[in-house]
Amino acid sequence: MKIYHSKKEAVSNELKALNKRYNSVSMFRLVFILLVVLSIYKYIQNNELVFAGSAFAFFIGFVILMRMHSKLLFEKKIKEALFQINSDEIDFLEKNKLPFESGLEYIDFHHPYAYDLDIFGEHSLFQNLNRSATFVGKKTVAQKLLNTSPLEEIIKNQEAIQELTPMVDWRQEFYAFAKITNDTASSYNALLQWTTFNSNALPKWAVAFSYGSPLVFISVLFGYWTTSNLLFLNILSYLFVLNLIVLGVFLKRIKFEIANSDDIDKVIGHYGLLLEKIEKTSFTSSKLIDLQTKLRFESSTASVHLKALSALFSKNDTIANLVTAVLFNGTFLFNIHVLKHLIQWKKAHAFAVKKWLDVIGEVEFLNSMANFAFNNPDFVYPQLNTDSKIDFENLGHPLLPVKSRIGNNVAFYPESFMILTGSNMSGKSTFLRSLGINMVLAGTGAVVCATRAHVHPLPILVSMRLSDSLSDSESYFYAEIKRLKLIMDALEKRPAFVLLDEILRGTNSDDKRNGTIEVVQKMIANNAVGAIATHDIEVCLTTAKYPDKLINKCFEVAIVNNDLHFDYKLRDGVCQNKSASFLMKKMGVI
């Protein structure tokens with residue numbers, strides 16, 4: 001927490017000094033342009049070369065100040081982003097507010113666990129740990145949370161996250177660069193669509209004309225300048241019109257190249273800055289080194305190529321300005337040359353663009369997980385195995401405040417499946433979600449909320465929170481049966497980590513009990529690992545039939561001073577206490 005306060009204060013002081021310089025340069029820029037105008041006026045009035053020279057000198061000064069202004073504006077945006085980053089972290093850790101995106105657009109009610117475990121939405125896992133700002137970064141974080149990675153990738157992710165965790169300055173600067181990118185799904189998709197659009201070369205005659213016509217234009221212009229012969233002026237006018245006619249032939253294609261790409265040059269330029277930061281950093285973990293390798297292209301790097309593309313798009317935008325379009329193209333066929341270079345760039349590099357942007361997404365994902373680890377130094381990286389061994393020491397829910405978080409020890413070997421009992425409000429559902437969310441985190445390479453952990457990163461299948469689907473004309477009960485069918489089909493293919501919370505609520509007690517027992521039997525027959533919560537004590541008797549596979553665990557409730565007391569501690573055996581009757585009597589229901 002202290003580091004964010006100190007960094008916020010330091011950035012605030014830097015931003016104040018930067019604003020003073022920025023305002024000074026803005027003022028001097030205005031003064032210099034006024035001096036240019038005044039010098040030109042004096043030159044026209046007095047026809048003295050000293051005023052022409054001063055106008056030129058002031059104009060050069062104005063250009064230098066413009067460059068300084070642009071540089072300071074960029075630095076200002078970065079500092080403002082850094083200030084916001086540290087302010088957000090302070091608000092987040094002090095529980096003032098949750099200032100991060102919720103990822104609502106990624107909610108999938110049909111996903112095996114996303115909705116049940118609150119992976120997306122308000123106060124979700126995504127909202128708590130995501131620190132990406134580009135579209136591809138957010139998409140990558142979402143995809144990682146929705147899929148358990150292969151074991152080798154998880155190990156590489158752990159190494160990369162451990163390397164990035166102490167690199168607070170680097171991570172925040174990268175995050176700031178990503179924030180000022182201001183890219184969206186539309187700009188990202190427009191760029192990828194552009195890379196696949198027609199890249200046929202210009203006709204040979206057009207290429208030859210684009211080189212020949214400017215040379216002829218310059219030669220004729222020189223002839224007119226040296227001779228003042230009006231014939232040269234007539235030739236220039238005809239050539240000017242001819243150039244515009246040739247431009248008209250390719251105008252549709254030029255406009256199509258820049259269609260749906262407002263400010264795409266700035267977005268691409270910022271992509272280049274992000275890639276350059278990755279390229280110029282010395283990493284030691286194999287994952288980050290592999291990502292750097294993907295950015296080497298022929299004799300240069302991805303950032304250089306993207307900056308070149310950004311410049312081409314910026315130049316092509318001149319076609320939208322009638323005055324510059326007519327002037328530049330009537331003389332030198334400017335946009336034809338830009339179009340030609342865009343086509344050449346596309347042919348040489350288009351196939352690699354998505355790969356380069358994916359690198360940005362991967363680094364933003366790793367940064368997010370490193371920030372999560374940095375903010376939770378008491379969390380641990382789980383030791384991984386392939387023997388279906390899963391155990392946690394002091395397991396807790398990572399999104400709960402530390403003061404109210406209760407840790408529990410839990411192991412899924414030698415018994416692989418748990419039947420969990422306990423009264424309402426005793427902590428069963430929270431415990432199941434703690435298991436599920438920590439398994440999701442383990443499957444990405446992130447730290448988990450425990451003091452020690454061993455995990456086999458199995459696929460995760462959950463049925464805890466289903467809703468009626470009015471659009472599909474489905475009842476809750478039918479939706480639950482469909483989810484159980486999905487789980488059983490998945491278990492037929494390979495073992496998985498399964499969490500079930502009070503299934504088959506929409507039928508009578510006997511049917512529910514028998515169905516639950518048969519579900520448990522089929523799951524353990526398919527080597528499922530996990531837990532099922534139930535209120536039916538008779539389901540717990542199944543452990544006697546499968547003592548090497550099933551184990552009973554429970555959460556108890558005590559009545560203390562005529563009130564219910566929950567300690568949320570996991571115990572061996574079957575729940576003995578009942579709270580419903582006591583609570584209804586106390587509240588006068590019965």
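Salt-bridge check for Lys156 with Asp290: passed, with a basic side-chain N closer than 4.0 Å to an acidic carboxylate O. Salt-bridge check for Glu163 with Lys287: failed, with every basic side-chain N at 4.0 Å or more from each acidic carboxylate O. Between Lys138 and Glu101, at least one side-chain N (NZ, or NE/NH1/NH2) sits under 4.0 Å from a carboxylate O, which counts as a salt bridge. Under 4.0 Å is where a charged nitrogen must lie from a carboxylate oxygen, and between Lys428 and Asp501 no such pair does. Using a cut-off of 4.0 Å between Lys/Arg side-chain N and Asp/Glu carboxylate O, Lys485 and Asp489 are scored as salt-bridged.
Both the sub-6.0 Å distance and the 45° axial angle are not jointly satisfied by Lys76 relative to the ring of Phe74. With a 6.0 Å cutoff to the six-membered ring centre and a 45° limit on the axis angle, Arg433 does not count as a cation-pi contact of Tyr115. A cation-pi contact, defined as under 6.0 Å to the ring centre and within 45° of the axis, links Lys144 to Phe365.
Between the Ser187 side chain and the Thr184 main chain, a donor and an acceptor come within less than 3.5 Å of each other. Here the side chain of Asn385 pairs a donor or acceptor atom with the backbone of Asp387 at under 3.5 angstrom. Checked by atom type and distance alone, the side chain of Asp567 pairs as donor or acceptor with a backbone atom of Lys569 at under 3.5 Å. Judged by distance alone, the side chain of Ser368 and the main-chain N or O of Arg131 form a donor-acceptor pair under 3.5 Å. Between the Thr430 side chain and the Gly427 main chain, no donor and acceptor come within less than 3.5 Å of each other. Between the side chain of Ser310 and the main chain of Asp265, a donor-acceptor pair closer than 3.5 Å is present. Under a 3.5 Å cut-off, the side chain of His397 and the backbone N or O of Leu399 do form a donor-acceptor pair. Looking only at distances, a side-chain donor or acceptor of Asn19 sits under 3.5 Å from a matching main-chain atom of Leu15. Distance alone, capped at 3.5 Å, is enough to place a donor-acceptor pair between the Asn408 side chain and the Tyr568 backbone. Of the possible polar contacts, one joining the Gln127 side chain to the Phe100 backbone as a donor-acceptor pair under 3.5 Å is found.
Side-chain rings of Phe555 and Phe431 approach one another, their centers coming within less than 6.0 Å. In summary, the aromatic rings of His69 and Tyr22 are positioned with their centroids under 6.0 Å apart. Aromatic ring centroids of Trp356 and Tyr271 lie 6.0 Å or more apart. Taking the six-membered ring for Trp and the full ring otherwise, Phe109 and His111 have centroids separated by 6.0 Å or more. Two rings, from Phe412 and Phe497, have their centers less than 6.0 Å apart. Taking the six-membered ring for Trp and the full ring otherwise, Phe351 and Phe297 have centroids separated by under 6.0 Å.
Of all the heavy atoms in Ala496 and Leu491, the pair that sits closest is N-CD2, 3.7 Å. Of all heavy-atom pairs spanning Leu366 and Ala160, the tightest one is CD1-CB, 3.9 Å. Contact record, Thr165 with Ala373: OG1-CB, 3.8 Å, taken as the closest heavy-atom pair. The shortest non-hydrogen separation linking Asn157 to Gly445 is CB-CA, 4.1 Å. For the residue pair Lys139 and Tyr106, the shortest heavy atom distance occurs at N-OH, 3.4 Å. In this structure, Phe283 and Leu288 approach most closely via the heavy-atom pair CD2-CD1, 3.5 Å.
Looking only at atom types and distance, the side chain of Tyr175 has no donor-acceptor partner in the side chain of Asn367 under 3.5 Å away. The closest side-chain donor-acceptor pair between Asp183 and Thr181, if any, does not fall under 3.5 angstrom. Using modelled atom types and a 3.5 Å distance limit, the side chains of Asn375 and Tyr4 yield a donor-acceptor pair. Judged by distance alone, the side chains of Gln172 and Asn86 do bring a donor and an acceptor atom under 3.5 Å apart. No side-chain donor from either of Glu9 and Asn13 sits under 3.5 Å from a side-chain acceptor of the other. Between the side chains of Thr134 and Glu364, a donor-acceptor pair is found at a separation under 3.5 Å.
Separation of atoms CD1 (Ile390) and CG (Asn438) is listed at 11.5 Å; rounding is to 0.5 Å. Interatomic distance, OG1 of Thr534 versus CG of Asn552, reported as 10.5 Å (0.5 Å rounding). Expressed to the nearest 0.5 Å, how far CG of Leu461 lies from CZ of Arg483 amounts to 8.5 Å. The structure places CD1 of Ile460 at 7.0 Å from CG of Leu117, a figure rounded to the nearest 0.5 Å. With rounding to the nearest 0.5 angstrom, the CG atom of Leu145 is 7.5 Å from the CG atom of Leu441. Ile119 contributes atom CD1, which lies 5.0 Å from atom CG of Leu125 (distance to the nearest 0.5 angstrom).
Heavy-atom contacts from other residues, nucleotides or ligands closer than 6.0 Å to NZ of Lys20 number 12 or fewer. Within 6.0 Å of the NZ atom in Lys71, the count of heavy atoms belonging to other residues, nucleotides or ligands does not exceed 12. Other residues, nucleotides and ligands contribute more than 12 heavy atoms inside 6.0 Å of the CD atom of Glu94. Other residues, nucleotides and ligands contribute more than 12 heavy atoms inside 6.0 Å of the CZ atom of Arg452.
When side chains are defined from C-beta on, His5 does not count as touching Lys2, because their heavy atoms never get closer than 4.5 Å. Side-chain atoms of Ile419 and Leu550, non-hydrogen and from C-beta on, do get closer than 4.5 Å to each other. In this structure, the side chains of Tyr113 and Leu499 stay at 4.5 Å or more apart for every pair of heavy atoms. Within the 4.5 Å cutoff, side-chain heavy atoms of Leu395 are placed close to those of Leu435. Using a 4.5 Å cut-off on side-chain heavy atoms (C-beta onward), Thr284 and Glu159 make no contact. No side-chain heavy atom of Met68 sits less than 4.5 Å from a side-chain heavy atom of Arg21.
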Donor-acceptor pairs under 3.5 angstrom involving side-chain atoms of residues 272-281: please list them, not counting sequence neighbours.
from   : atom 1 : to     : atom 2 : distance (Å)
Glu276 : OE1    : Lys307 : NZ     : 2.8
Glu276 : OE2    : Lys280 : NZ     : 3.0
Glu276 : OE2    : Lys307 : NZ     : 3.3
Lys277 : NZ     : Glu173 : OE1    : 2.8
Glu279 : OE1    : Thr301 : OG1    : 3.3
Glu279 : OE1    : Ser303 : OG     : 2.5
Glu279 : OE2    : Ala302 : N      : 3.3
Glu279 : OE2    : Ser303 : N      : 3.0
Glu279 : OE2    : Ser303 : OG     : 3.4
Thr281 : OG1    : Trp170 : NE1    : 2.7
Thr281 : OG1    : Lys277 : O      : 2.6

Would Ser285 and Gln162 satisfy side chain to side chain donor-acceptor pair (under 3.5 Å), going step by step from the backbone distance to the final call? CA-CA 9 Å; Ser285 61; Gln162 285 177 295; over 6 Å; no

Could you walk me through whether Phe372 and Phe379 pass ring pair (Phe, Tyr, Trp, His ring centres under 6.0 Å), step by step? CA-CA 9 Å; Phe372 182 66; Phe379 289 8; 5.7 Å; yes

For Asp358 and Lys294: C-alpha separation, side-chain torsions, deciding distance, then whether salt bridge (charged side-chain N to carboxylate O under 4.0 Å, His left out) applies. CA-CA 10 Å; Asp358 286 345; Lys294 292 180 180 180; over 6 Å; no

